[in-house]
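The residues of the chain are indexed from 1 along the displayed sequence.
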Amino acid sequence: MKRNYGFLVVLMAVFLVASTVHADTVIHRLGVHPFWKPPLKSVMEMRTMIQKSLPDLKKGFDLANASDLFDVFVDNSKSATPQEVLVQPGSKLQWMIFKNGKKVKVIRDAVWKGKKPFKAYRFSIEKQGKRYDFIIPLDCGNVSLEQITVLPPPPAPAKAPAPPAPVPPANQPPSCHVTVSPETAFTGEAIVVDASQSSDADGSVASMLIQVKDATNQVVKEVRVDKAPFVQSITMDKAGTYTIQVQVTDNKGASSSAPGCAAKTIQIHARGKITADAGVLYQDDPATFVLMRIGYEYRFNNWFSMLGMIGVAPVIHGDDETTSGMADLTGMLRYKRFFVGAGVGYWHSSRDDRADLILNAGYMFWGNPDATSLSFFVEGRNAFDEFDDMHKLARFGGGLRLQF
């Protein structure tokens, strides 16, 4: 009988222990064993609590067999924005960290059985496909794991679309480079348009178009060159200001005109000018003549021209000579506004006919060489067969020269 009684006592003890192991831990009141004092009043105080309790908090995670969550929990608490919630009576917590004096402890499977809900901060962390929701009561700071949720696997990445078929690069227009020389010329003088330095990065230059426009922007000359090296001479038959515009085209039809083919302005001058002289010649024999003559100057280039003139020279003083006629041909050298000349002339009078050597020089003081101008000049002339008597028979003088 005693033996059966003892067996029954042992059996009841085992049953009580087993029941205790699997039963929930009921919590009726918070703050009895707080993890942190005083109560938390803000998220900043919660973060301060975590940072100042790291050793004890680490020990609590170890006791809860959640060491692998500790670092993630601490890192997320620095930036996470917790939600303030009310934990209702009957809510369950998988574990809770608290202190009994200075000793860190953990209870598992806790159930809140208080008379009313308590305030807490809730935030979550994610690790290895699971979300861990933590609860931290404001009254005691007892860090608690509320629940674990298995997260759905991320969606499979969308299949990358097939790459589009390669598009051939667009044709690039050619690079244009042109020079025009000279930029000042006379009618009939060659002007060289050179686009030989133009290039095309993805092909070749196939043609060059030259357009010459007058002062009214009308095209007065157009030349197309379809063969390298794209150098072309043009001439203009009429004086004036012109604009030369060049366009180069590549072997695929793309054209380029700027900036290398920017319009160039050229000035074309007339070669010939009507010239009129009025002046006085003095001969020591004695005789004084009024010089009047008119003619035409033809300019070969900017510095050399030929001047042909005819005129009369009435005698206004002296009796050694009579009113004379003349025909002169002079070669002129020009430098800016200065000019010098040398030539031959025919001098006819009732007393004698002469073949003269002529030397003169002058300066243009009004106008310009390419328009109407007025110059003064000095001149000396003497017959070729009278050099022995040059001091008596040479004629010296000067006057004004009008050109237009």
Side-chain angles (χ1 to χ4, degrees), residues 186-189 269-404:
F186 292 99
T187 53
E189 185 176 2
H269 305 302
R271 289 186 180 273
K273 280 193 171 185
I274 296 173
T275 304
D277 289 349
V280 176
L281 291 177
Y282 173 75
Q283 178 179 298
D284 193 52
D285 198 21
T288 301
F289 306 89
V290 174
L291 177 65
M292 296 179 292
R293 59 190 174 190
I294 190 168
Y296 187 80
E297 182 181 16
Y298 183 85
R299 300 180 68 174
F300 292 92
N301 49 47
N302 283 324
W303 56 273
F304 180 70
S305 63
M306 293 296 295
L307 174 61
M309 305 189 78
I310 58 174
V312 296
V315 177
I316 60 173
H317 180 265
D319 56 5
D320 189 63
E321 189 61 279
T322 62
T323 297
S324 302
M326 70 196 76
D328 301 335
L329 182 64
T330 309
M332 308 293 296
L333 295 177
R334 293 183 175 274
Y335 177 73
K336 296 183 178 179
R337 290 178 171 270
F338 294 93
F339 60 86
V340 295
V344 295
Y346 173 71
W347 185 280
H348 168 74
S349 70
S350 60
R351 293 187 180 182
D352 196 7
D353 290 337
R354 306 171 186 173
D356 289 340
L357 171 67
I358 303 171
L359 298 175
N360 55 30
Y363 177 78
M364 180 187 306
F365 62 87
W366 178 81
N368 63 75
D370 303 315
T372 301
S373 63
L374 190 63
S375 308
F376 68 81
F377 69 93
V378 293
E379 181 172 299
R381 58 192 301 153
N382 193 82
F384 285 99
D385 59 354
E386 295 177 347
F387 281 110
D388 291 342
D389 295 325
M390 185 171 64
H391 62 288
K392 292 183 179 181
L393 302 177
R395 283 137 289 162
F396 299 96
L400 296 176
R401 174 168 294 174
L402 174 66
Q403 291 190 302
F404 54 94

Listed partners of Thr330 passing side-chain hydrogen bond (donor to acceptor under 3.5 Å, both in side chains), at least two apart
none
Partners meeting side-chain hydrogen bond (donor to acceptor under 3.5 Å, both in side chains) with Thr322 (sequence neighbours left out)
Ser350
Non-neighbouring partners of Tyr346 that pass side-chain hydrogen bond (donor to acceptor under 3.5 Å, both in side chains), sequence neighbours left out
Asp353
Should Met326 and Asp356 count as side-chain neighbours, where that means a heavy-atom distance under 4.5 Å?
no
Between atom CG of Leu402 and atom OG of Ser373, what is the distance when rounded to the nearest 0.5 Å?
7.0 Å
Closest heavy-atom pair and its distance - Leu359, Ala342:
CD2-CB, 3.7 Å
Check: Arg395 and Leu291 side chains under 4.5 Å, non-hydrogen atoms
no
So which atom in Gly345 and which in Arg381 form the shortest heavy-atom distance, rounded to 0.1 Å?
CA-NH2, 3.9 Å
Quick one: does Asn368's side chain have a donor or acceptor within less than 3.5 Å of a partner on Ala371's backbone?
yes
Under the side chain to side chain contact (heavy atoms under 4.5 Å, CB included) test, residues paired with Val340 that sit two or more places apart
Leu333, Ala361
Separation between OG1 of Thr275 and CD of Gln403, rounded to the nearest 0.5 Å:
3.5 Å
Do the non-hydrogen side-chain atoms of Pro314 and Met292 ever get within less than 4.5 Å of each other?
yes
Looking at every non-hydrogen atom in both residues, tell me the closest pair between Ser375 and Met364 and how far apart they are.
OG-CA, 3.2 Å
Could you pull out all residues at least two apart from Ile316 that satisfy side chain to side chain contact (heavy atoms under 4.5 Å, CB included)?
Thr288, Val290
Atom pair CD1 (Ile358) and CG (Leu307), whose distance is rounded to the nearest 0.5 Å:
9.5 Å
Find out whether His269 and Arg299 are in side-chain contact, i.e. whether some heavy atom of one side chain is under 4.5 Å from a heavy atom of the other.
no
Between the CG atom in Asn301 and the CZ atom in Phe186, the distance rounded to the nearest 0.5 Å is 7.0 Å
Summary of ring pair (Phe, Tyr, Trp, His ring centres under 6.0 Å) pairs that have at least one residue in residues 373-404, sequence neighbours excluded:
none
Set of ring pair (Phe, Tyr, Trp, His ring centres under 6.0 Å) partners for Phe304, sequence neighbours left out:
Phe300
Salt bridge (charged side-chain N to carboxylate O under 4.0 Å, His left out) contacts in which one or both residues fall within residues 271-282, not counting sequence neighbours
Asp277-Arg293, Asp277-Arg401
Would you call Asn382 and Leu357 a side-chain contact if the rule is heavy atoms closer than 4.5 Å?
no
Could you note down all residue pairs passing side-chain hydrogen bond (donor to acceptor under 3.5 Å, both in side chains) where residues 305-315 supplies at least one of them, sequence neighbours left out?
Glu297-Ser305
Test ring pair (Phe, Tyr, Trp, His ring centres under 6.0 Å) applied to Phe289 - qualifying residues, sequence neighbours left out:
Trp347
Inter- and intrachain pairs under ring pair (Phe, Tyr, Trp, His ring centres under 6.0 Å), touching residues 324-343, at least two apart:
Phe338-Tyr363
Partner set under side-chain hydrogen bond (donor to acceptor under 3.5 Å, both in side chains) for Asn302, not counting sequence neighbours
none
